[in-house]
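FYI, side chains are in, hydrogens and waters are out, and symmetry mates aren't considered; it's all heavy atoms of this structure. Just so it is clear: chains get the letters A, B, ... in the order the sequence lines come, proteins before strands, and each one is counted from 1. This one's a predicted model, so the numbers in the text were calculated from it and none came from an experiment.
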2 protein chains.
Amino acid sequence: MNKLYVVGIGPGEKEQMTLKALHTLEKAEVIAGYGVYVDLVKELFPEKEYLVTPMRREADRCRMAIDAALEGKSVAVISSGDAGVYGMAGLVLELAEGKDVTVEVISGVTAALSGGAVLGAPLTHDFAVISLSDLLTPWEKIEKRLLLAARADFGIALYNPSSHRRADYLRRACEIILTEKPEQTVCGVVRNIGREGESMEVMTLGQLKDYKADMFSTVFIGNSQTREISGRMVTPRGYKDV
Amino acid sequence: MNKLYVVGIGPGEKEQMTLKALHTLEKAEVIAGYGVYVDLVKELFPEKEYLVTPMRREADRCRMAIDAALEGKSVAVISSGDAGVYGMAGLVLELAEGKDVTVEVISGVTAALSGGAVLGAPLTHDFAVISLSDLLTPWEKIEKRLLLAARADFGIALYNPSSHRRADYLRRACEIILTEKPEQTVCGVVRNIGREGESMEVMTLGQLKDYKADMFSTVFIGNSQTREISGRMVTPRGYKDV
């Protein structure tokens with residue numbers, strides 16, 4: 001049976017890959033991915049055959065990878081972060097249905113975790129991950145999830161908080177969350193996680209509403225217990241009081 | 001400035017650690033953790049000094065680690081999965097407040113990701129992570145989060161779905177979710193992620209209600225789009241139709 005790997009490479013730097021991800025890429029003959037992430041992997045493994053398609057041509061890229069696997073090649077499809085969180089694992093499994101190929105998914109550190117570590121520990125307790133991109137999801141559904149996640153007092157990680165086309169989406173998300181959480185709620189933003197220029201900032205939900213996020217930002221909204229401690233964003237679980 | 005590392009070691013096997021986690025443990029003189037996870041790390045690094053306390057003595061263990069760091073030792077506190085998701089990062093940051101020690105958190109692959117990879121891609125779209133342990137959280141708060149997460153159509157990962165004392169908690173959680181999601185909702189259970197005896201099962205929400213989970217299980221509940229494909233649990237993001 002032919003085998004196809006879908007590999008989460010983490011936030012970018014080699015150090016934040018899992019050993020399994022690194023070893024799978026080492027063994028692969030063909031690596032398929034989106035330009036930016038392929039460039040990162042190419043630095044480590046310049047000698048491989050690369051299948052690259054632009055953004056929004058994800059399905060074409062996965063079909064090319066499946067075809068290469070069907071030819072008996074060892075193929076890895078890469079995703080940034082975790083392959084299963086807004087990544088390629090689901091699409092590859094859909095497209096491989098009924099074909100003579102076994103799909104193995106290799107997980108990686110998604111931005112909620114790698115960005116959370118930079119801030120401190122914003123997601124210690126129950127949390128939700130929500131993407132503000134309405135490219136593949138109706139905005140009404142995103143709004144509903146924001147509202148209910150805030151009402152449930154989840155810590156929240158927001159992916160894709162902004163783009164040129166969606167410059168005011170973070171503000172709109174904060175306005176919805178502010179109907180359920182106080183302005184003083186502790187929030188944080190991490191930029192360029194695991195890459196050059198990595199930075200973080202802790203702020204209130206009121207300040208976040210006016211923050212200019214960019215496409216390299218991941219946003220964290222605390223729950224009712226989240227505090228700023230020594231400049232870090234920390235959600236206690238309650239161990240201290242046991 | 002003294003430095004203290006809080007390291008997420010992933011699900012258990014060395015291959016699923018990040019390079020950064022492995023290198024940090026290599027360099028550490030002292031490693032602090034809970035018995036089961038210390039045993040896993042001890043196999044890799046038998047020569048270290050280990051600080052071990054039983055479950056529910058987490059604060060004592062972190063204080064011992066901070067004291068060792070204040071003596072100038074290189075210390076790593078380990079957590080299974082990610083150090084920030086129900087892990088030790090928050091507690092260490094709380095207890096280190098005002099002390100002459102800088103805390104660096106090193107993230108790892110949490111069970112929502114490593115277990116998700118075994119099942120396929122259950123959490124491709126927006127998702128929530130909820131622990132069913134009411135040791136540190138009132139059950140009413142957990143119930144509210146289950147209900148609102150189901151109403152928001154999140155994919156859901158349930159941690160700590162069962163224990164001796166809480167044998168019927170998964171059933172109670174499913175009953176709440178069934179008020180918002182149909183019985184046919186695709187669900188999955190992964191046991192012993194990244195360890196000997198790793199296994200997975202895909203089932204419906206109606207079947208999950210009667211499933212006997214144990215403390216080595218992580219449970220996944222699909223959203224309205226989740227499907228079973230070739231025996232795997234897959235939540236499409238929508239790329240296929242672009």
Subject >> Choice from B:Ile130, B:Thr110, B:Leu113, B:Val103 maximising heavy atom contacts with chain A below 4.5 Å >> reply: B:Leu113
Original post:
Taking every heavy-atom pair that is under 4.5 Å apart, which of A:Ala128, A:Ala149, A:Ala112 has the most such pairs with chain B?
Top reply: A:Ala128
Original post:
What part of A:Asp60 is in contact with chain B, defined as an atom under 4.5 angstrom from a non-hydrogen atom: side chain, backbone, both or neither?
Top reply: neither
Subject >> Part of B:Ile156 within contact of chain A (heavy atom distance under 4.5 Å) >> reply: neither
Original post:
Given that the side chain runs from C-beta out, which part of A:Thr226 has a heavy atom under 4.5 Å from chain B: side chain, backbone, both or neither?
Top reply: neither
Subject >> Top contributor to chain B interface from A:Ile106, A:Thr137, A:Leu22 [non-hydrogen pairs under 4.5 Å] >> reply: A:Thr137
Original post:
Given the options B:Met233, B:Glu13, B:Lys14, which has more heavy-atom pairs under 4.5 Å with chain A than any of the others?
Top reply: B:Lys14
Original post:
If you count heavy-atom pairs under 4.5 Å with chain A, which of B:Ala21, B:Ala121, B:Ser107 comes out on top?
Top reply: B:Ser107
Subject >> Donor on one side chain, acceptor on other, A:His125 and A:Gln225, under 3.5 Å >> reply: no
**OP:** Please step through side chain to side chain donor-acceptor pair (under 3.5 Å) for the pair B:Tyr169 and B:Asp134, ending with a clear verdict.
**Re:** CA-CA 10 Å; B:Tyr169 277 31; B:Asp134 60 351; 2.6 Å; yes
Subject >> Residues of residues 2-12 of chain B contacting chain A, heavy-atom criterion under 4.5 Å, by residue number >> reply: none
Original post:
Which one of B:Ala117, B:Ser114, B:Gly90 has the most heavy-atom pairs closer than 4.5 Å to chain A?
Top reply: B:Ala117
Subject >> Face-on cation placement of B:Arg166 at B:Trp139 ring, 6.0 Å and 45° thresholds >> reply: no
Subject >> Under 4.5 Å from any heavy atom of chain A - which part of B:Val129 >> reply: both
Original post:
Which heavy atom of A:Ala173 sits nearest a heavy atom of A:Leu158, and at what distance?
Top reply: CB-CD1, 4.5 Å
**OP:** Pick one of side chain, backbone, both or neither for B:Arg145, based on which atoms fall under 4.5 Å of a heavy atom in chain A.
**Re:** both
Subject >> Aromatic plane relationship, A:Tyr86 with A:Tyr159 - under 30° parallel, 30 to 60° tilted, over 60° perpendicular >> reply: tilted
Original post:
Which of the residues A:Val234, A:Val105, A:Val118 is involved in the greatest number of heavy-atom pairs with chain B at under 4.5 angstrom?
Top reply: A:Val105
Subject >> Closest non-hydrogen atom pair between A:Ile66 and A:Lys99, with its separation >> reply: CG2-CD, 3.9 Å
Original post:
Heavy-atom distance under 4.5 Å to chain B: side chain of A:Leu119, backbone, both or neither?
Top reply: neither
Listed pairs under 3.5 Å, donor-acceptor, residues 75-84 of chain B side chains, sequence neighbours left out:
residue : atom : partner  : partner atom : Å
B:Ser79 : OG   : B:Met88  : N            : 2.9
B:Asp82 : OD1  : B:Gly108 : N            : 2.9
B:Asp82 : OD2  : B:Gly84  : N            : 2.9
B:Asp82 : OD2  : B:Val85  : N            : 3.4

Original post:
Taking side chain as C-beta onward, heavy atoms only, is A:His23 less than 4.5 Å from A:Leu19?
Top reply: yes
Original post:
Do A:Thr124 and A:Thr235 have side-chain atoms, one donor and one acceptor, less than 3.5 Å apart?
Top reply: no
Original post:
Would you say B:Ser162 and B:Leu170 make side-chain contact, with heavy atoms under 4.5 Å?
Top reply: no
Subject >> When B:Gly98, B:Gly120, B:Gly116 are compared by non-hydrogen pairs under 4.5 Å with chain A, the top option >> reply: B:Gly120
Subject >> Side chain proximity check, A:Arg57 to A:Tyr34, heavy atoms < 4.5 angstrom >> reply: no
**OP:** Could you tell me whether A:Arg232 and B:Glu94 make a salt bridge, using a distance below 4.0 angstrom between a side-chain N and a carboxylate O?
**Re:** no
**OP:** Start with the C-alpha distance between A:Arg165 and A:Leu135, add both sets of side-chain angles, then the distance that settles side chain to side chain contact (heavy atoms under 4.5 Å, CB included), and finish with yes or no.
**Re:** CA-CA 11 Å; A:Arg165 199 178 52 78; A:Leu135 202 61; 4.2 Å; yes
**OP:** Just give me the residue among B:Lys141, B:Lys144, B:Met17 that pairs up with chain A most often, heavy atom to heavy atom, under 4.5 Å.
**Re:** B:Met17
